[in-house]
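Numbering starts at 1 and runs along the sequence shown.
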Amino acid sequence: RFTRDTGIRLITVIPLLFWDAQFEFGSLSSPLPAARKAAIERTKAAFRLNKQLDTDFAVVWPGIDGYENGFGVDYTAMRQRFADGLAEALDAVPGVRVAFEPKPYEPRGRILYGTTPEGVLLGHQVEALLSAGENKRLLAEGHKLLCMNPEVGHVLMGFEDLAYAFSWPLSEGRLAHSHWNSQPLGNYDQDLNVGVVSPEQLEALLYTLKLHGYRGYFGIDINPERMPVDTAIRISMDAIRAANDRVNMLDHEAILYAHENP
């Protein structure tokens, strides 16, 4: 009814794997069989909803899958359980595309697959595990099924460079979606309005998206605590449009020449 009455498309349904008390020690990566099974079944249910509602992708964020104390942790086993669980859910509901969202920390001290290149590695790891016929056919045709939804703030929390970080999933056709806000390097996840911190990084990222022919959505992921939400949304949309206008006015032929002739 909502989509019919508003004209707004529903583009994703998420499994929400980080909030429940049963996931205290992880969701898909949990060493506790009951908790991990619950996480896998919820992920399957979310994927079924995505297929039923004809969405574009299913965002998966492993906020509770990680650790604080680095001593005595079986990192390899944690990562393998997480990848195996995602693969099991994807094979149970073939044809759904995942948009994985890395974040280096918060709420866990260190989150699994927390940086952009780790998200790319997860894509290769999960896709190598898929066995459902439809999934194997899509992969053989060159499609990616474990894609990414990088968030500007999360990338900068990990001291990554925005344009370079996004170029990883872009170069493999894995950028399913993008989340936009502002963030100082490191620090806690502030979700500030787009463009209010390091606008030069914003424009460098937009130019990299243009170079790769990105045609996906720009998801606004902000937390406007001290202004009306609709005002913050408008400001952020205007900031992206204005930055895109500046990027589109550049002499692209001269820039491409400079790439090869520095």
Report the C-alpha distance between Y67 and Y75 in whole Å, list the side-chain angles of each, state the deciding distance to 0.1 Å, and finish with yes or no for ring pair (Phe, Tyr, Trp, His ring centres under 6.0 Å).
CA-CA 9 Å; Y67 60 93; Y75 306 109; 5.2 Å; yes

Legend entry - D65 vs M78, side-chain contact (heavy atoms from CB on, under 4.5 Å): CA-CA, chis, key distance, verdict: CA-CA 8 Å; D65 292 276; M78 291 174 70; over 6 Å; no

### Message
If you apply the rule side-chain contact (heavy atoms from CB on, under 4.5 Å), what do you find for L17 with T43, and how did you get there?
### Response
CA-CA 8 Å; L17 295 174; T43 303; 3.7 Å; yes

field: Test log, rule side-chain contact (heavy atoms from CB on, under 4.5 Å), inputs L28 and R36
entry: CA-CA 5 Å; L28 295 174; R36 184 169 179 269; 5.5 Å; no

Quiz item: Does the side-chain contact (heavy atoms from CB on, under 4.5 Å) test come out yes or no for V194 and F218, once each step is laid out?
Solution: CA-CA 11 Å; V194 176; F218 292 73; over 6 Å; no

Practice problem: List the steps, then state whether salt bridge (charged side-chain N to carboxylate O under 4.0 Å, His left out) holds for D238 with R234. | Solution: CA-CA 6 Å; D238 286 346; R234 289 193 184 97; over 6 Å; no

Fill in: Criterion side chain to side chain donor-acceptor pair (under 3.5 Å) on H252 and Y257, from CA distance to verdict
CA-CA 8 Å; H252 303 298; Y257 178 83; over 6 Å; no

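Annotation: salt bridge (Lys or Arg N to Asp or Glu O under 4.0 Å) contacts of E260 (sequence neighbours excluded): none. For the side chain to side chain donor-acceptor pair (under 3.5 Å) test, residues two or more places apart in sequence or in another chain that qualify with H124 are E172. Every residue was checked against the ring-ring contact (aromatic ring centres under 6.0 Å, His included) condition with F100, not counting sequence neighbours, and none meets it. The ring-ring contact (aromatic ring centres under 6.0 Å, His included) test applied to F166 returns no partner, not counting sequence neighbours. Taking F57 as the reference, H177 meet the ring-ring contact (aromatic ring centres under 6.0 Å, His included) condition, with sequence neighbours excluded. Remark: P184 pairs with N187, Q190, L192 by the side-chain contact (heavy atoms from CB on, under 4.5 Å) rule, at least two apart or across chains.
A donor-acceptor pair under 3.5 Å is formed between the side chain of S182 and the backbone N or O of V196. For D91 (side chain) and L130 (main-chain N/O), no donor-acceptor pair under 3.5 Å exists by modelled atom type. Checking side-chain atoms of E118 against main-chain N and O of G114 turns up a donor-acceptor pair under 3.5 Å. A donor-acceptor contact shorter than 3.5 Å is absent between the side chain of R246 and the backbone of E203. Within the 3.5 Å criterion, the main-chain N or O of F2 finds a donor-acceptor partner in the side chain of T6. When atom types are taken as modelled, the side chain of Y113 and the backbone of T116 share no donor-acceptor pair closer than 3.5 angstrom. Looking at T231, its side chain never comes within 3.5 Å of a backbone N or O of M227 through a donor-acceptor pair. T55 contributes no side-chain N or O that, together with a main-chain N or O of K51, makes up a donor-acceptor pair within less than 3.5 Å. Between the side chain of E127 and the backbone N or O of L146, at least one donor-acceptor pair lies under 3.5 Å. Side chain of N181 to backbone of D221: a donor-acceptor contact under 3.5 angstrom is found.
V247 and M249 are not part of a single hydrophobic cluster, where members link through side-chain heavy atoms under 4.5 Å apart. In the hydrophobic cluster analysis, where Ile, Leu, Val, Met, Phe, Trp and Tyr join through side-chain heavy atoms closer than 4.5 angstrom, V73 is grouped together with F82. Residues L202 and V152 fall within the same hydrophobic cluster, defined by Ile, Leu, Val, Met, Phe, Trp and Tyr side chains chained together at heavy-atom separations under 4.5 Å. Residues I14 and I111 share a single hydrophobic cluster, defined by chaining ILVMFWY side chains whose heavy atoms lie under 4.5 Å apart. Cluster membership for L185 and V197, using ILVMFWY side-chain heavy atoms within less than 4.5 angstrom, is not shared.
Side-chain contact between L139 and R137 is absent, with no heavy-atom pair separated by less than 4.5 Å. The shortest side-chain heavy-atom distance between L170 and L209 falls under the 4.5 Å cut-off. The shortest side-chain heavy-atom distance between W168 and P150 does not fall under the 4.5 Å cut-off. Using a 4.5 Å cut-off on side-chain heavy atoms (C-beta onward), H154 and Q183 make no contact. Side-chain contact between V60 and N149: absent, with no pair of heavy atoms (C-beta onward) separated by less than 4.5 Å. Side-chain atoms of R42 and D20, non-hydrogen and from C-beta on, do get closer than 4.5 Å to each other. By the 4.5 Å heavy-atom criterion applied to side chains, E134 and L138 are counted as neighbours. Between M148 and V120 the shortest side-chain heavy-atom distance falls below 4.5 Å.
The two residues P62 and E101 make their nearest non-hydrogen contact at CD-O, 3.6 Å. In terms of heavy atoms, L206 sits closest to A243 at CD1-CB, 3.4 Å. Heavy-atom minimum distance, A165 versus E160: CB-OE1, 3.5 Å. What you find for P15 and V59 is that their closest heavy atoms are CD-O, 3.3 Å. W61 and P107 make their closest contact through CH2-CD, 3.6 Å (heavy atoms, listed as atom of the first residue, atom of the second, distance). Closest approach of V96 and F47 over heavy atoms only: CG2-O, 3.6 Å.
Atom CG of N261 sits about 11.0 Å away from atom CG of L256, to the nearest 0.5 Å. Atom NZ in K210 sits 14.5 Å away from atom OH in Y214 (nearest 0.5 Å). Note that CZ of R48 and CD of Q52 are 11.0 Å apart. Values are rounded to the nearest 0.5 Å. Between S178 atom OG and L162 atom CG the span is 11.0 Å, to the nearest 0.5 Å. Rounding to the nearest 0.5 Å gives a distance of 11.5 Å between NE2 of H179 and CD1 of I222. For the atom pair CZ (R215) and CG (L175), the distance works out to 12.5 Å, reported to the nearest 0.5 Å.
Salt-bridge annotation for D84 and R81: absent, with no side-chain N of the basic residue lying under 4.0 Å from a carboxylate O of the acidic one. Salt-bridge check for R110 with E68: failed, with every basic side-chain N at 4.0 Å or more from each acidic carboxylate O. Between K103 and D189 there is a salt bridge, since a side-chain N of the basic residue sits under 4.0 Å from a carboxylate O of the acidic one.
Each of L90, L122, L145, N50 was checked for a side-chain contact (heavy atoms from CB on, under 4.5 Å) with V98, and the lone residue meeting it is L90.
Few gaps surround CD on E200; more than 12 heavy atoms of other groups in view lie less than 6.0 Å from it.
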